Amino acid sequence: MDQENKHLVNIPSSFYSFKEEGPFQHCVECDRFLLDESCDYVIEKAVRNYPGFKASDVIFDYAICMDCAMEVQKGLSTESMTKIQEFMQEHLQQKMRTRESASLESYTDHCLVSNRAVSECEEFQIFAYCRGSKVNLQMPPYMISGQVLDEISELLSPETRDELDGFFNKHFAPDPGLMEPNPRLVLI
């Protein structure tokens, strides 16, 4: 295995498209084919657990190529981007170092910020940075609990909330019952 590819591993089924029941194949924004070996992209999936039951629902999931993700991020306020970066740096630097030797499956079983187990979360989101049909472990997958997403949401300016709500409304029309009280935060 050459040096460049040693950080690339097959995408686990937990990051497959709920709708297509397999790997994401196209960017949600521009329809670019994602499984090309030169295509970098992000997968985001929001899930709701039902406490007391071994059941969950996918609220939304998508894959977006890095070119489109960067375009969407241009619409976010500088203030919001700075606050999110500061929050993530404050909470994640040490945790990212301790995860370097972890197994791929363990990356998303606890919240990266709060360390809360996925089974204890009513809602959570998982994220993966991918290239073609592989996850890029140089930026390992992670899970963020609904509680932490609520904290991050409070950092956002009204303009950024509007921009993210617009992206969400453009691409998703989930069961309204899944969205109470408000849609989950899309974190491109």
Side-chain angles (χ1 to χ4, degrees), residues 11 14-36 38-49 56-89 91-92 108 111-113 121-132 135-136 139-188:
I11 296 172
S14 59
F15 283 100
Y16 283 4
S17 166
F18 178 76
K19 181 180 174 183
E20 297 178 24
E21 299 179 351
F24 285 94
Q25 295 191 29
H26 295 93
C27 173
V28 69
E29 191 73 2
C30 72
D31 206 36
R32 179 178 177 186
F33 184 65
L34 300 173
L35 300 179
D36 179 315
S38 66
C39 183
D40 291 321
Y41 60 99
V42 178
I43 295 172
E44 180 175 356
K45 182 180 282 196
V47 178
R48 173 172 281 174
N49 283 330
S56 63
D57 282 319
V58 173
I59 299 170
F60 66 85
D61 64 352
Y62 69 94
I64 186 169
C65 72
M66 291 308 290
D67 291 339
C68 288
M70 299 307 271
E71 281 301 310
V72 171
Q73 285 184 352
K74 286 180 185 176
L76 308 184
S77 74
T78 303
E79 172 191 3
S80 293
M81 290 300 293
T82 299
K83 286 181 178 181
I84 291 170
Q85 288 170 352
E86 288 171 354
F87 179 90
M88 296 302 251
Q89 285 177 344
H91 290 90
L92 302 180
T108 57
C111 176
L112 186 58
V113 175
C121 298
E122 186 173 324
E123 292 184 16
F124 63 92
Q125 288 176 224
I126 57 174
F127 305 84
Y129 294 90
C130 303
R131 173 173 283 172
V135 171
N136 184 345
M139 295 178 283
Y142 59 96
M143 184 272 277
I144 302 286
S145 69
Q147 293 83 357
V148 172
L149 288 165
D150 290 342
E151 288 179 48
I152 294 170
S153 181
E154 292 299 316
L155 301 174
L156 303 180
S157 68
E159 298 81 15
T160 295
R161 286 177 200 243
D162 288 346
E163 187 72 25
L164 294 174
D165 287 346
F167 176 86
F168 183 89
N169 292 334
K170 176 181 176 182
H171 295 291
F172 308 105
D175 177 335
L178 290 175
M179 302 315 294
E180 295 174 3
N182 292 313
R184 277 282 37 112
L185 176 65
V186 174
L187 274 184
I188 300 174

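Predicted model, so just to flag it, every value in this text is computed and none were measured. The chain is numbered in sequence order, starting from 1.
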| request: Could you walk me through whether F167 and I64 pass side chain to side chain contact (heavy atoms under 4.5 Å, CB included), step by step? | output: CA-CA 12 Å; F167 176 86; I64 186 169; 4.0 Å; yes
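- Atom SG in C27 sits 11.0 Å away from atom CE in M66 (nearest 0.5 Å).
- At a threshold of 4.5 Å between non-hydrogen side-chain atoms, the residues S145 and V113 do not count as touching.
- Between the CG atom in D57 and the CZ atom in F18 there is a gap of 7.0 Å [rounded to 0.5 Å].
- Atom CZ in R161 sits 9.0 Å away from atom CG in L155 (nearest 0.5 Å).
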| message | Under the criterion side chain to side chain contact (heavy atoms under 4.5 Å, CB included), I'd like the reasoning laid out for D36 against Y41: C-alpha separation, chi angles, the key distance, then a yes or no. | response | CA-CA 11 Å; D36 179 315; Y41 60 99; over 6 Å; no
| task | Evaluate the criterion side chain to side chain contact (heavy atoms under 4.5 Å, CB included) for residue pair E29 and H171; output intermediate values, then yes/no. | result | CA-CA 8 Å; E29 191 73 2; H171 295 291; 2.6 Å; yes
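- Using a distance-only test at 3.5 Å, with no hydrogens or angles considered, a donor-acceptor pair links the side chain of K45 to the main chain of S14.
- The two atoms that bring R32 and D67 nearest to each other are NH1-OD2, 3.8 Å, heavy atoms only.
- At least one donor-acceptor pair under 3.5 Å links the side chain of N49 to the backbone N or O of C121.
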| request: Carefully, step by step, assess E44 and Y62 under the rule side chain to side chain donor-acceptor pair (under 3.5 Å). | output: CA-CA 6 Å; E44 180 175 356; Y62 69 94; 2.4 Å; yes
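- Side-chain atoms of L156 and I84, non-hydrogen and from C-beta on, do get closer than 4.5 Å to each other.
- Remark: the backbone N or O of L149 is not paired with any side-chain donor or acceptor of S153 at under 3.5 angstrom.
- Distance SG/C130 to CE/M139: 9.5 Å, rounded to 0.5 Å.
- Judged purely by atom type and a 3.5 angstrom limit, T160 has no side-chain atom pairing as donor or acceptor with the backbone of L76.
- Of the inter-residue distances, the one linking Q73 atom CD with C68 atom SG reads 12.0 Å to the nearest 0.5 angstrom.
- Rounded to the nearest 0.5 angstrom, Y16 OH and I11 CD1 are separated by 7.5 Å.
- The shortest heavy-atom contact between L35 and Q25 is CD1-CG, 3.8 Å.
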| query | Please walk me through it: do I43 and I126 pass side chain to side chain contact (heavy atoms under 4.5 Å, CB included)? | reply | CA-CA 8 Å; I43 295 172; I126 57 174; over 6 Å; no
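- With sequence neighbours excluded, the residues forming a side-chain hydrogen bond (donor to acceptor under 3.5 Å, both in side chains) with E79 are K83, listed by chain and number.
- Counting non-hydrogen atoms of other residues, nucleotides and ligands closer than 6.0 Å to CZ of F33 gives a total above 12.
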